[in-house]
Amino acid sequence: MPNLDFRVAGAEVQEFAAVPSLLFKLRVENLEEEPIRSVALNTQIRIAATQRHYEAAEQERLLELFGEPSRWKDTLRSLLWTHTVLQVPAFSGSTVADMPVPCTYDLEVVAAKYFYALEDGEVPLEFLFSGTVFYAAEDGRLQAARISWEKEAEFRLPVRLWKEMMEHYFPNSAWIRLRRDAFDRLYDYKVRKGLPTWEAAVEALLRASEQEVER
């Protein structure tokens, strides 16, 4: 029976995709001798947030997720990033497969808030694998076996790679989501003031707010 071993060998920005995406280079090795026909691979990717240091500016940005740094021994915890499904084609011995991972810039999503908060360094990731491996038995018949839930891999993703990806897809931009009623009010304000862009509308509101505070 196959005994698959997994290792994340690297990552890069997927330049052409419908949404911002990273490509993880996943090395799959069969520690036994059977030829592998295919692997239906499910992967849960988690952010091991406790396994890195955070600078003061990063701690401020992470207040919404983990609270005050003085409480982090209780509140700092692992975060679910995403799930992926990958079909690994036939191989013997080992192979390297591209695992695309779509990424969101929606800062209402916990993982996006976490990535956005980081200035530099690396993001410690945990890959948890499951699924089904199809292989050829000694008599040539197709067989199937479940992948052990104990199969895992770790990878440290450079923060600069996430930033490069978002800059590639959304140059000098960020995204926020508004309730429809809040958007309608902002749109009405933009029209009434004759402001040419959404940036101009937001900047005008911020200036008015700052002036109100100064009074």
Side-chain angles (χ1 to χ4, degrees), residues 1-52 77-106 109-115 118 121-170:
M1 182 179 296
N3 180 15
L4 299 187
D5 183 69
F6 301 91
R7 181 169 64 88
V8 181
E12 62 186 37
V13 176
Q14 187 172 5
E15 293 189 2
F16 304 103
V19 297
S21 299
L22 292 171
L23 276 181
F24 289 91
K25 302 295 183 178
L26 180 65
R27 187 175 188 276
V28 186
E29 181 180 3
N30 182 16
L31 302 179
E32 304 297 336
E33 298 182 354
E34 303 92 340
I36 303 300
R37 297 287 179 85
S38 67
V39 182
L41 186 65
N42 302 314
T43 307
Q44 179 186 124
I45 306 177
R46 300 190 65 84
I47 299 169
T50 59
Q51 296 181 18
R52 63 156 284 163
R77 62 192 183 281
S78 173
L79 303 172
L80 173 64
W81 180 10
T82 190
H83 291 87
T84 69
V85 178
L86 179 67
Q87 194 71 27
V88 180
F91 68 92
S92 293
S94 66
T95 188
V96 176
D98 285 339
M99 176 188 289
V101 176
C103 304
T104 181
Y105 211 2
D106 183 352
V109 177
V110 168
K113 289 180 182 178
Y114 178 85
F115 280 111
L118 303 183
E122 297 173 328
V123 180
L125 300 177
E126 298 173 338
F127 293 74
L128 312 179
F129 302 104
S130 62
T132 304
V133 54
F134 300 91
Y135 65 98
E138 291 184 0
D139 57 7
R141 290 186 300 172
L142 182 65
Q143 301 289 318
R146 298 294 296 173
I147 297 172
S148 170
W149 286 95
E150 298 177 353
K151 296 296 182 178
E152 301 179 359
E154 296 180 352
F155 182 72
R156 300 188 74 88
L157 175 71
V159 172
R160 62 165 179 78
L161 197 61
W162 188 88
K163 293 180 180 293
E164 289 172 4
M165 173 189 61
M166 288 307 177
E167 183 64 20
H168 174 74
Y169 283 88
F170 304 120

How many angstroms lie between atom [atom1] of [X] and atom [atom2] of [Y], to the nearest 0.5 angstrom?
X	Y	atom1	atom2	value
L31	D5	CG	CG	5.0 Å
L128	K151	CG	NZ	13.5 Å
F115	M165	CZ	CE	7.5 Å
E29	T95	CD	OG1	11.0 Å
R27	F6	CZ	CZ	12.0 Å

Is there a donor-acceptor pair closer than 3.5 Å between any side-chain N or O of [X] and the backbone N or O of [Y]?
X	Y	value
E34	M1	yes
K25	E12	no
R52	E122	yes
N30	N3	yes

(request) Could you tell me if the ring centre of F24 sits under 6.0 Å from that of F127? (result)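 Distance test on ring centres: under 6.0 Å, yes.
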Measure across [X] and [Y] and return the closest heavy-atom pair with its distance rounded to 0.1 Å.
X	Y	result
W162	T104	CZ2-O, 4.5 Å
S38	Q87	OG-NE2, 3.6 Å
S21	Y169	N-CE1, 4.0 Å
P102	P100	CD-O, 3.8 Å

(request) May I ask you to check whether over 12 heavy atoms, not counting those of E33, lie within 6.0 Å of atom CD? (result)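 Result for CD/E33: open.
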(message) Any carboxylate oxygen within less than 4.0 angstrom of a Lys/Arg side-chain nitrogen, looking at R160 and E164?
(response)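 Between E164 and R160 there is a salt bridge, with a charged N closer than 4.0 Å to a carboxylate O.
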(message) Does anything in residues 124-137 form a side chain to side chain donor-acceptor pair (under 3.5 Å)? List the pairs, not counting sequence neighbours.
(response) T132-R146
Close side-chain approach of [X] to [Y], heavy-atom, < 4.5 Å:
X	Y	value
I36	V28	no
L26	L41	yes
V39	I147	yes
T43	L86	no
P20	M166	yes

In a table with atom names and distances, give each donor-acceptor pair under 3.5 Å that connects a side chain of residues 78-85 to protein atoms at least two apart or in another chain.
{"unit_1": "S78", "atom_1": "OG", "unit_2": "R46", "atom_2": "NE", "d": "3.1"}
{"unit_1": "S78", "atom_1": "OG", "unit_2": "I47", "atom_2": "O", "d": "3.4"}

